Amino acid sequence: MSVIVRIPTPLRKLTQNKPEVEVNGNNIELLIDDLDANYPGIKERIYDESDNIRRFVNIYLNDEDIRFLEGKSTPVNDGDEVSIIPAIAGGILIF
Amino acid sequence: MKDSLLKLNIGILKQISDHAKSDFPEECCGIILSDGEQDFLRQCTNVQNQLHLEDPSTYPRDARTAYQIDPKELLEICKESEAKNRPIKAFYHSHPNHHAYFSEKDKADATVWDEPLYPDASYIVIPVCGDDSEVQILESMRVYTWDLNVGDYLESEIDSSNG
Ligand SMILES: [Zn+2]
């Protein structure tokens with residue numbers, strides 16, 4: 001299964017500045033493994049210590065947030081596009 | 001001493017103020033792209049209420065005290081930014097019934113992986129106050145930009161002198 005993964009600007013130093021890379025795997029978790037095998041360092045940025053996708057990392061399969069699909073186990077097909085999008089977020093001071 | 005300037009024209013400043021007022025009492029958010037000559041305002045949806053409803057333990061705050069730009073909109077705007085060569089000039093959000101400052105959370109969320117997510121983009125914060133009868137911008141917005149030498153976000157100045 002060959003899938004295009006869109007890399008966000010902050011992570012492109014790990015992919016030799018490539019905005020998109022092609023990786024193999026039939027679900028999100030395997031894609032991330034393959035991504036990390038080719039571009040070491042990506043996995044630790046996506047996962048927390050318990051191997052869950054970090055709160056501030058959004059992953060989309062085509063137009064769907066994988067949180068609303070099957071998370072890391074979401075299956076992917078040839079020609080799918082996966083996007084990694086770190087959140088732009090914040091909040092006021094709470095006393 | 002504020003040592004950097006963010007040029008923004010009056011039209012853009014008015015539009016982001018209006019956005020802050022219309023989303024009050026919730027935080028508004030958006031992105032300004034620029035090709036160097038012209039700025040392009042992209043108002044975004046704050047998805048914080050959705051996040052809070054779906055998962056209140058991970059997201060204890062709702063949109064009155066926090067924001068997250070709709071990631072799908074963010075993705076589209078990033079694609080536009082690259083396809084049309086319009087880098088992200090600034091992100092903006094509002095502080096309902098609070099002053100303009102860069103909070104610990106604002107800073108932490110902008111500095112994940114121990115470095116700034118978008119070191120070349122500034123963060124504009126719009127203070128917006130109000131009650132049932134009236135919503136207003138009571139004081140100036142403030143801008144924070146990553147300073148490479150200091151390794152932190154510092155306040156910069158808005159320059160609207162060119163219109
Ligand atoms: Zn804020």
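Quick note: numbers below take in every heavy atom, side chains included, and nothing from hydrogens, waters or symmetry partners. Since we're looking at a predicted model, the values are computed, not measured. Each chain gets a letter, A, B and so on, in the order its sequence line appears, and its residues count up from 1.
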Engineer: Is A/L30 reachable from A/I53 through a run of I, L, V, M, F, W or Y residues, each pair having side-chain heavy atoms under 4.5 Å apart?
Structural biologist: no
Engineer: When clusters are formed by joining ILVMFWY residues with side-chain heavy atoms under 4.5 Å apart, either directly or through shared neighbours, do B/V47 and A/V57 land in the same one?
Structural biologist: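 B/V47 and A/V57: separate clusters.
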Engineer: Hey, does A/R54 have a side-chain heavy atom less than 4.5 Å from the side chain of B/W113?
Structural biologist: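 Side-chain contact under 4.5 Å: yes.
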Engineer: Salt bridge or not between A/E64 and B/K72? Use side-chain N to carboxylate O under 4.0 Å.
Structural biologist: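 No, A/E64 and B/K72 are not salt-bridged.
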Engineer: Taking C-beta and beyond as the side chain, do B/H93 and A/I92 meet within less than 4.5 Å on heavy atoms?
Structural biologist: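 No, their side chains stay 4.5 Å or more apart.
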Engineer: Evaluate the side chain to side chain contact (heavy atoms under 4.5 Å, CB included) criterion for residues A/I88 and B/E73: first the C-alpha distance (whole Å), next the side-chain angles of each, then the deciding distance (0.1 Å), finally the verdict.
Structural biologist: CA-CA 11 Å; A/I88 296 296; B/E73 294 175 5; over 6 Å; no
Engineer: Which one of B/E104, B/R64, B/E54 has the most heavy-atom pairs closer than 4.5 Å to chain A?
Structural biologist: B/E54
Engineer: Check whether any side-chain heavy atom of A/F56 sits under 4.5 Å from a side-chain heavy atom of B/L117, and report yes or no.
Structural biologist: no
Engineer: Tell me, for A/D65 versus chain B, whether the close heavy atoms (under 4.5 Å) come from the side chain, the backbone, both or neither.
Structural biologist: neither
Engineer: Between B/Y67 and chain A, with a heavy-atom cut-off of 4.5 Å, which part of the residue counts as in contact: side chain, backbone, both or neither?
Structural biologist: both
Engineer: Given the rule that I, L, V, M, F, W and Y join up when any side-chain heavy atoms are under 4.5 Å apart, are B/L148 and B/Y144 in one cluster?
Structural biologist: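 Yes, B/L148 and B/Y144 fall within the same hydrophobic cluster.
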Engineer: Taking side chain as everything from C-beta outward and backbone as N, CA, C, O, which of these in B/C29 sits under 4.5 Å from a heavy atom of chain A? Side chain, backbone, both or neither.
Structural biologist: neither
Engineer: Could you measure the distance from the CG atom of B/D106 to the CG atom of A/L93? Nearest 0.5 Å is fine.
Structural biologist: 8.5 Å
Engineer: To the nearest 0.5 Å, what is the distance between OH on A/Y60 and CG on B/L74?
Structural biologist: 9.5 Å
Engineer: Considering only NZ, NE, NH1 and NH2 on the basic side and carboxylate oxygens on the acidic side, decide whether B/K79 and A/E81 come within less than 4.0 Å.
Structural biologist: yes
Engineer: State, yes or no, whether a side-chain contact exists between B/C78 and A/R6 at a heavy-atom distance under 4.5 Å.
Structural biologist: yes
Engineer: How many angstroms lie between CG in B/L51 and CZ in A/R67, if you round to the nearest 0.5 Å?
Structural biologist: 7.5 Å
Engineer: By side-chain hydrogen bond (donor to acceptor under 3.5 Å, both in side chains), which residues pair with B/Q15, not counting sequence neighbours?
Structural biologist: none
Engineer: With rounding to the nearest 0.5 angstrom, report the CD1 to CG distance, A/I84 to B/L75.
Structural biologist: 11.0 Å
Engineer: If you look at every heavy atom in A/G91 and B/E27, which pair is closest and at what distance?
Structural biologist: CA-OE2, 3.8 Å
Engineer: Is B/E82 in contact with chain A via its backbone, its side chain, both, or neither, using a 4.5 Å heavy-atom distance?
Structural biologist: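 The answer is the side chain of B/E82.
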Engineer: Highest number of heavy-atom pairs under 4.5 Å with chain A: which of B/F102, B/Y101, B/Y59?
Structural biologist: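 So the answer, after comparing B/F102, B/Y101, B/Y59, is B/Y101.
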Engineer: At a 4.5 Å cut-off on heavy atoms, which part of A/I85 comes close to chain B: side chain, backbone, both, or neither?
Structural biologist: side chain
Engineer: Report which part of B/D55 has an atom under 4.5 Å of a heavy atom belonging to chain A: side chain, backbone, both, or neither.
Structural biologist: neither
